[in-house]
Participant: 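Have a look at this one before I ask anything.
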Amino acid sequence: MTTAGYYAAVDWGTSSFRLWIIGEDGAVLAERRSAEGMTTAAMTGFHSILDGHLAAVSAPAHLPIIICGMAGARQGWKEAGYIETPAALAEIAGRATAIPDVDRDIRILPGLAQRDGRHPDVMRGEETQLLGAAAHLGAGSHLVCMPGTHSKWVRLADDRVEGFSTFMTGELFDTISRHTILSHGVAEAKTFAAGSAAFTDAVSRTRENPALATNLLFSVRAGQLLHGTAAADARAQLSGILIGLEIAGALAGSVDGVCLVGSGGLGTLYRTALESQGLNVRAVDADEAVRAGLSAAARAIWPL
């Protein structure tokens, strides 16, 4: 329980809600997590969900709220729009959208948009992780990988986003493993070791020959039928093929290192994949990055 704080920070995803009460010294005074993401909130009400979590930690009535993520989508609480790239990360806080007709100061951060006619792209939520991760990177050019259902690869020059690319790797893995012929072979295996040879070999083979990706996918099933490939190895191969295809596209140019903003098992999986390709990986915890980004925005909007 808490009765004080500088601001509340909220990361509101499609299927998840995370709230932190932050003190003036940057310490986390209280934390709340739930599955009440945008999909649920659109039906039950964003304001009521937020108020319920604030009441649970006895947050004071004056406490301002900074929000990133899908609460600012067109289907969210209030559309927060996009900042067009190239864009300085410092612009994010200045373009926050205020929620009208509420009893406290609530701001939603905007997303980023790339309006290139041949490569249109958008992100919402990841821009705040970038804002937090940038403090670890310093000056110069950086390539940032942000794994997820829709992974983002971002090109940073100092604190400026030059461009980015989204890869539907996580969604494709879920779809292929559930709704194609490969489902017969991988359904029995729920997990596999990130460092397995089946995984890293699949990453390498696909990066070397990305045009053969759909052929390599079928070979997963053929390997089970002809060579008795275990379900866990088949699942590892499927994951490696899709992540290898993503890496092949993201690393089309010459790159020595990557900043990986991730956490949990998925972060470990991507780190293994990248290091297996001889890349230097600088890891930044995704949870810490989003809190740091929300903090940077909050302190810019409500300076002490």
Side-chain angles (χ1 to χ4, degrees), residues 1-83 87-112 123-132 134-135 286-304:
M1 305 292 282
T2 182
T3 57
Y6 177 12
Y7 62 90
V10 176
D11 179 12
W12 215 323
T14 301
S15 58
S16 64
F17 173 95
R18 298 184 294 176
L19 175 146
W20 301 274
I21 305 297
I22 307 297
E24 291 185 2
D25 61 354
V28 176
L29 304 179
E31 179 177 349
R32 299 278 295 178
R33 293 174 183 251
S34 79
E36 297 163 301
M38 179 191 71
T39 304
T40 299
M43 295 184 290
T44 61
F46 287 87
H47 198 186
S48 62
I49 288 174
L50 178 60
D51 278 353
H53 285 284
L54 291 171
V57 293
S58 302
H62 69 273
L63 198 69
I65 316 292
I66 188 77
I67 301 173
C68 72
M70 297 306 292
R74 187 171 299 174
Q75 302 82 10
W77 193 350
K78 182 174 177 57
E79 188 172 8
Y82 296 102
I83 299 172
L89 290 172
E91 293 181 44
I92 293 173
R95 295 278 295 277
T97 295
I99 298 294
D101 305 319
V102 291
D103 53 2
R104 66 172 77 235
D105 191 353
I106 302 175
R107 313 285 182 97
I108 302 180
L109 298 177
L112 295 180
M123 71 167 67
R124 190 175 291 284
E126 294 90 354
E127 76 294 322
T128 307
Q129 288 184 337
L130 279 173
L131 184 59
D287 281 0
E288 293 178 7
V290 76
R291 284 200 303 270
L294 286 164
S295 175
R299 290 176 183 276
I301 297 169
W302 304 296
L304 287 170

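Nothing here was measured: the structure is a model prediction, and the numbers come from that model. Residues: numbered from 1 along the sequence shown.
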Participant: State, with a plain yes or no, whether a side-chain heavy atom of Thr128 is found less than 4.5 Å away from one of Asp11.
Facilitator: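 Thr128 does not reach Asp11 side chain to side chain.
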
Participant: Between atom OG of Ser15 and atom CD of Glu36, what is the distance when rounded to the nearest 0.5 Å?
Facilitator: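 Going from OG on Ser15 over to CD on Glu36, the span is 12.0 Å.
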
Participant: Is there side-chain contact between Leu304 and Glu24, with at least one heavy-atom pair below 4.5 Å?
Facilitator: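 Contact flag for Leu304/Glu24 side chains = yes.
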
Participant: Of all heavy-atom pairs between Arg33 and Asp287, which one has the smallest distance, and what is that distance?
Facilitator: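 Arg33 and Asp287 have their closest heavy atoms at NH2-OD2, 3.3 Å.
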
Participant: Checking Asp51 now: which residues fulfil salt bridge (charged side-chain N to carboxylate O under 4.0 Å, His left out) with it, not counting sequence neighbours?
Facilitator: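 Scan of Asp51 (salt bridge (charged side-chain N to carboxylate O under 4.0 Å, His left out), adjacent residues dropped) gives none.
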
Participant: Parallel, tilted or perpendicular: which fits the ring planes of Phe17 and His53, with parallel below 30° and perpendicular above 60°?
Facilitator: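 Phe17 vs His53 ring planes: parallel.
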
Participant: Main chain of Met38, side chain of Thr14: is a donor-acceptor contact present, judged purely on distance under 3.5 Å?
Facilitator: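 Side chain of Thr14 to backbone of Met38, a donor-acceptor pair under 3.5 Å: no, none is there.
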
Participant: For residues Ile67 and Ala71, report the shortest heavy-atom separation together with the two atoms involved.
Facilitator: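 Nearest heavy atoms, Ile67 then Ala71: CG2-CB, 3.9 Å.
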
Participant: Using 0.5 Å steps for rounding, measure from the CG atom of Asp101 to the CD1 atom of Ile99.
Facilitator: 10.0 Å

Participant: I need the Ile92 CD1 to Cys68 SG distance, nearest 0.5 Å.
Facilitator: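 The distance works out to 9.5 Å.
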
Participant: Determine yes or no for a side-chain-to-main-chain donor-acceptor pair under 3.5 angstrom, with Gln129 supplying the side chain and Glu127 the backbone.
Facilitator: no

Participant: Could you give all pairs that pass the side chain to side chain donor-acceptor pair (under 3.5 Å) test and reach residues 72-82, with sequence neighbours left out?
Facilitator: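 Matches after skipping sequence neighbours: none remain.
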
Participant: Check step by step if side-chain contact (heavy atoms from CB on, under 4.5 Å) holds for Asp103 and His47.
Facilitator: CA-CA 10 Å; Asp103 53 2; His47 198 186; 3.9 Å; yes

Participant: Examine distances only and state if a side-chain atom of Arg124 and a backbone atom of Gly81 form a donor-acceptor pair shorter than 3.5 Å.
Facilitator: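 Here the side-chain-to-backbone pair exists.
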
Participant: Grab the two heavy atoms, one from Ala292 and one from Gly132, that are nearest each other, plus how far apart they are.
Facilitator: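 Where Ala292 meets Gly132 most closely, the heavy atoms are CB-CA, 3.7 Å.
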
Participant: Taking all non-hydrogen atoms of both residues into account, name the closest pair between Pro60 and Arg104 and its distance.
Facilitator: O-NH1, 3.2 Å

Participant: Quick one: pull up CG in Leu130 and CG in Leu89 and give me the separation to the nearest 0.5 Å.
Facilitator: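 The CG atom of Leu130 sits 6.0 Å away from the CG atom of Leu89.
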
Participant: Indicate the atoms forming the closest heavy-atom contact of Ala297 with Leu131, along with that distance.
Facilitator: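 Smallest interatomic distance, heavy atoms only, reads N-CD2, 4.2 Å.
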
Participant: Work out which heavy atom in Leu54 is nearest to a heavy atom in Ala8; give both atom names and the distance.
Facilitator: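 Taking every non-hydrogen atom into account, CD2-CB, 4.2 Å.
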
Participant: State, with a plain yes or no, whether a side-chain heavy atom of Glu31 is found less than 4.5 Å away from one of Trp20.
Facilitator: yes

Participant: Got a sec, which pairs hit side chain to side chain donor-acceptor pair (under 3.5 Å) with one end in residues 288-299, sequence neighbours left out?
Facilitator: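 Every pair satisfying side chain to side chain donor-acceptor pair (under 3.5 Å) with a residue in residues 288-299: Tyr7-Ser295, Ser295-Arg299.
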
Participant: Which value, rounded to the nearest 0.5 Å, describes the distance between Trp12 atom CH2 and Leu109 atom CG?
Facilitator: 14.0 Å

Participant: Can you name the one residue among Ile65, Val10, Ile66 that meets side chain to side chain contact (heavy atoms under 4.5 Å, CB included) with Leu294?
Facilitator: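 Among the candidates, only Ile66 passes.
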
